[in-house]
Protein chains: 2
Amino acid sequence: MESKKAKNNININCSELLSLTLVKETMQLLSCKWKVQIIAFLLRNGKTRYMGLQRGICGISSRVLSKELQELEQNEIISRTVMDPKLTSVEYELTAHGKTLEGVLLCIANWGAHCKDLFQKK
Amino acid sequence: MESKKAKNNININCSELLSLTLVKETMQLLSCKWKVQIIAFLLRNGKTRYMGLQRGICGISSRVLSKELQELEQNEIISRTVMDPKLTSVEYELTAHGKTLEGVLLCIANWGAHCKDLFQKK
DNA sequence: CGGTATCCGTAGCGATACTG
DNA sequence: CAGTATCGCTACGGATACCG
């Protein structure tokens with residue numbers, strides 16, 4: 001869009017730009033209001049049905065749950081399985097790929113814990 | 001691993017809830033549109049002035065930059081130093097605490113890279 | 001230079017009703 | 001049960017203009 005005005009002393013090399021892009025993209029995958037909760041829930045509880053998710057994740061509306069599940073499915077983080085052809089039972093679970101997010105979430109949680117310690121000491 | 005599932009309710013134990021809270025809170029700290037870019041920029045370039053940030057982070061408006069810097073400062077991720085009492089020079093840099101986010105960002109970027117590989121193979 | 005103040009459009013979320 | 005459809009709100013972000 002805009003022209004890069006990095007004529008001054010700002011240099012960004014390729015690999016750094018790349019990793020920044022990766023951070024941004026990954027954050028976008030996760031930064032919706034409920035996505036991390038959905039993922040965390042599935043990490044803990046495994047395969048779960050639609051209503052199970054809605055009951056387990058307190059406060060999420062049907063509309064939003066549906067939308068975020070679709071997005072997670074598009075990104076192949078979760079899989080959707082229709083157990084009953086009459087749509088009376090659909091199961092969601094993390095894909096193998098989705099499960100690798102556990103490490104990322106732990107990393108984030110760890111930092112958060114560290115952060116809390118720091119603020120409590122003051 | 002024993003997971004208690006009541007008929008209607010799903011029980012989550014304390015430590016799990018706690019870590020989920022930590023993930024959510026940390027995500028909130030970072031999930032504004034430009035924050036990770038500000039942090040990444042400061043990780044690379046170190047101490048930077050206001051205009052330097054605005055030039056370096058392509059597309060951010062003055063208003064938003066200002067707001068996000070304030071929030072980052074409140075969370076003690078960055079520090080703000082007035083170099084000139086007439087406000088002609090103000091420098092921002094990561095605090096020691098802020099620098100610990102590098103690991104988290106790397107973790108996220110790594111996952112993103114892994115993720116891309118996976119999609120390209122298909 | 002380093003911000004605020006103001007205005008405005010849109011995306012995101014919530015609540016609710018409804019459908020197959 | 002597993003979703004969509006509809007509506008309404010508001011908070012976020014972008015574009016200026018302006019100020020000390």
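For the numbers below, each heavy atom of this structure counts, side chains included, while hydrogens, waters and symmetry mates do not. Small disclaimer: the values here were computed from a predicted structure and weren't measured. A note on names: the letters A, B, ... follow the listed sequences, proteins ahead of strands, and every chain is numbered from 1.
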Which nucleotide in the list D:dA15, C:dG3, D:dA2 gets nearest to the side chain of A:Met51? D:dA2
Can you check whether A:Ile77's main-chain N or O pairs, donor with acceptor, with A:Asn75's side chain at less than 3.5 Å? no
Rounded to the nearest angstrom, tell me the gap between atom NZ in A:Lys35 and atom P in C:dC13. 8 Å
Between the main-chain N or O of B:Thr81 and the side-chain N or O of B:Glu91, is there a donor-acceptor pair closer than 3.5 Å? no
Contact under 4.0 Å: A:Ser66 side-chain N or O vs D:dT4 OP1/OP2: yes
On the nucleotide D:dG3, are OP1 or OP2 found under 4.0 Å from the side-chain N or O atoms that A:Tyr92 carries? yes
Contacts of A:Cys32 and B:Val90 projected onto DNA chain C by closest heavy atom; the upstream (5') one is B:Val90
Would you compute the distance between atom CG of A:Leu69 and atom CZ of A:Arg80 and round it to the nearest 0.5 angstrom? 9.0 Å
Between A:Gln70 and A:Thr88, name the one whose nearest nucleotide on DNA chain D is closer to the 5' end. A:Thr88
To the nearest Å, how far apart are B:Glu71 CD and D:dA11 P? 14 Å
Side-chain atoms of A:Trp34 come closest, of C:dG2, C:dG14, D:dC1, to C:dG14
Any B:Lys67 side-chain N or O less than 4.0 Å from OP1/OP2 of D:dG13: yes
To the nearest angstrom, the CD1-P distance between A:Ile38 and C:dC13 comes to 11 Å
Distance check: side-chain N/O of A:Lys86 vs OP1/OP2 of D:dA2, anything under 4.0 Å? no
Have a look at A:Arg49 and say if it touches a base, only the backbone sugar-phosphate, or nothing, with a 4.0 Å heavy-atom cut-off. sugar-phosphate
Return yes if some donor-acceptor pair links the side-chain N/O of B:Thr95 with the main-chain N/O of B:Glu93 below 3.5 Å, else return no. no
Do B:Ser62 and B:Tyr50 have side-chain atoms, one donor and one acceptor, less than 3.5 Å apart? yes
Whole-Å distance between C:dT16 C1' and A:Arg63 CZ? 12 Å
In whole angstrom, what separates B:Glu68's CD from C:dG3's P? 14 Å
A:Leu69 CG to D:dA2 C1': how many Å, rounded? 11 Å
When rounded to whole Å, the CZ to P distance for the pair B:Arg55 and C:dG2 reads 8 Å
Output yes when at least one side-chain N/O atom of B:Arg80 is less than 4.0 Å from OP1 or OP2 of C:dG3, else no. yes
Nearest whole angstrom, please: distance from the C1' of C:dG2 to the CG of B:Leu87. 6 Å
What's A:Ser62 touching, base or sugar-phosphate or nothing? Going by heavy atoms closer than 4.0 Å. base
